Amino acid sequence: MSTHDNTVPDGLVPNDVLNSTTPVAVYGFARAKAGKEEALARLIRSIVPAVRAEQGYEQYSVHTTPAQPGAFAFYERWSTGADIARHLQQPFMQAYFGALPEFVEGDLEAEWLRPLSD
């Protein structure tokens, strides 16, 4: 997983998403390294309350399945691109992204979504 100087993975958020004045959402996926499944789950759980308290937060959900231990699917929805940009710069998110390489196998996957209609 490569990162910017500020620890957000390179290319994770396209510029058009960051500049959006309308709602943005992302579906993401991460797989834990072998033996790191519970540690990654704890790391993810640790940020959820702070994320849900942020300006522009609309939804932040993380799911897993017993059929695929260590597989985590994320769904986030933010009011604007500026909100997600601010979210990514929060100190707790910087620490989170900095810790991920220890726990995550390969790169984070992200699919950015826009509302079909406003």
Side-chain angles (χ1 to χ4, degrees):
M1 175 184 320
S2 59
T3 60
H4 303 294
D5 291 338
N6 65 359
T7 72
V8 175
D10 290 336
L12 184 63
V13 187
N15 283 335
D16 66 321
V17 170
L18 293 173
N19 295 322
S20 176
T21 58
T22 61
V24 295
V26 62
Y27 162 77
F29 185 81
R31 181 172 301 282
K33 291 179 179 178
K36 300 285 186 172
E37 297 87 355
E38 190 51 43
L40 180 55
R42 280 192 304 273
L43 179 64
I44 294 167
R45 283 186 197 103
S46 75
I47 67 167
V48 172
V51 170
R52 290 181 176 167
E54 287 185 71
Q55 177 183 336
Y57 152 83
E58 292 184 9
Q59 184 175 356
Y60 187 86
S61 300
V62 185
H63 301 271
T64 191
T65 174
Q68 294 185 50
F72 298 91
F74 299 77
Y75 180 79
E76 300 180 43
R77 193 174 64 232
W78 296 87
S79 297
T80 68
D83 294 319
I84 196 151
R86 187 174 33 259
H87 161 68
L88 294 171
Q89 296 306 314
Q90 296 297 317
F92 73 90
M93 287 304 298
Q94 294 293 302
Y96 171 78
F97 280 116
L100 284 181
E102 179 182 345
F103 303 107
V104 173
E105 184 69 41
D107 289 334
L108 297 175
E109 297 175 31
E111 186 68 37
W112 293 93
L113 310 166
R114 298 282 181 99
L116 187 57
S117 61
D118 292 332

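Side chains included, hydrogens not; waters and symmetry mates left out as well; all remaining heavy atoms used. Just so you know, residue 1 is the first one in the sequence shown, and it goes up from there. Fair warning: this is a prediction, and the values are worked out from it, not measured in the lab.
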CD1 (Ile47) and CD (Gln90) are apart, to the nearest 0.5 Å, by 11.5 Å
Grab the two heavy atoms, one from Leu12 and one from Ala110, that are nearest each other, plus how far apart they are. CD1-CB, 3.7 Å
Beyond-backbone contact of Arg77 with Leu113, side-chain heavy atoms, under 4.5 angstrom: no
Please evaluate residues Asp16 and Arg114 with respect to the criterion side chain to side chain contact (heavy atoms under 4.5 Å, CB included), reporting the C-alpha separation (whole Å), side-chain torsions for both, the decisive distance (0.1 Å), and the verdict. CA-CA 11 Å; Asp16 66 321; Arg114 298 282 181 99; 3.5 Å; yes
Using modelled atom types and a 3.5 Å cut-off, is there a donor and acceptor pairing between side-chain atoms of Lys33 and backbone atoms of Pro101? yes
Let's go through Met93 and Val51 carefully: what are the C-alpha distance in whole Å and the side-chain angles of both, what is the deciding distance for side chain to side chain contact (heavy atoms under 4.5 Å, CB included) to 0.1 Å, and is it a yes or a no? CA-CA 9 Å; Met93 287 304 298; Val51 170; 4.2 Å; yes
What's the separation between atom CZ in Arg52 and atom OH in Tyr60, rounded to the nearest 0.5 Å? 9.0 Å
Taking every heavy atom of Leu108 against every heavy atom of Ala30, the minimum-distance pair comes out as CD2-CB, 3.7 Å
Can you name the nearest heavy-atom pair linking Ser79 to Glu58, along with the distance? OG-OE2, 2.9 Å
Let me confirm one number: the OG1-CG distance from Thr80 to Leu18, rounded to the nearest 0.5 Å. 10.0 Å
Rounded distance [0.5 Å steps], CG in Asp107 versus CG in Leu100: 11.0 Å
Using 0.5 Å steps for rounding, measure from the CD atom of Glu109 to the OH atom of Tyr27. 7.0 Å
Pairing of Arg86 and Glu54 as salt bridge, 4.0 angstrom limit: no
Could you measure the distance from the CD atom of Gln68 to the CZ atom of Arg31? Nearest 0.5 Å is fine. 5.0 Å
For Ile84 and Glu76, which heavy atoms make the closest approach, and how far apart are they? CD1-OE1, 4.2 Å
For Trp78 and Gln55 the tightest heavy-atom approach is CZ3-O, 3.8 Å
In terms of hydrophobic clustering (I, L, V, M, F, W, Y; side-chain heavy atoms under 4.5 Å; direct or indirect links), are Phe103 and Val48 co-clustered? yes
Tell me whether Leu40 shares a hydrophobic cluster with Phe92, the cluster being built from Ile, Leu, Val, Met, Phe, Trp, Tyr side chains joined at under 4.5 Å. yes
On a heavy-atom basis, the closest approach of Pro49 and Ser46 is CD-O, 4.0 Å
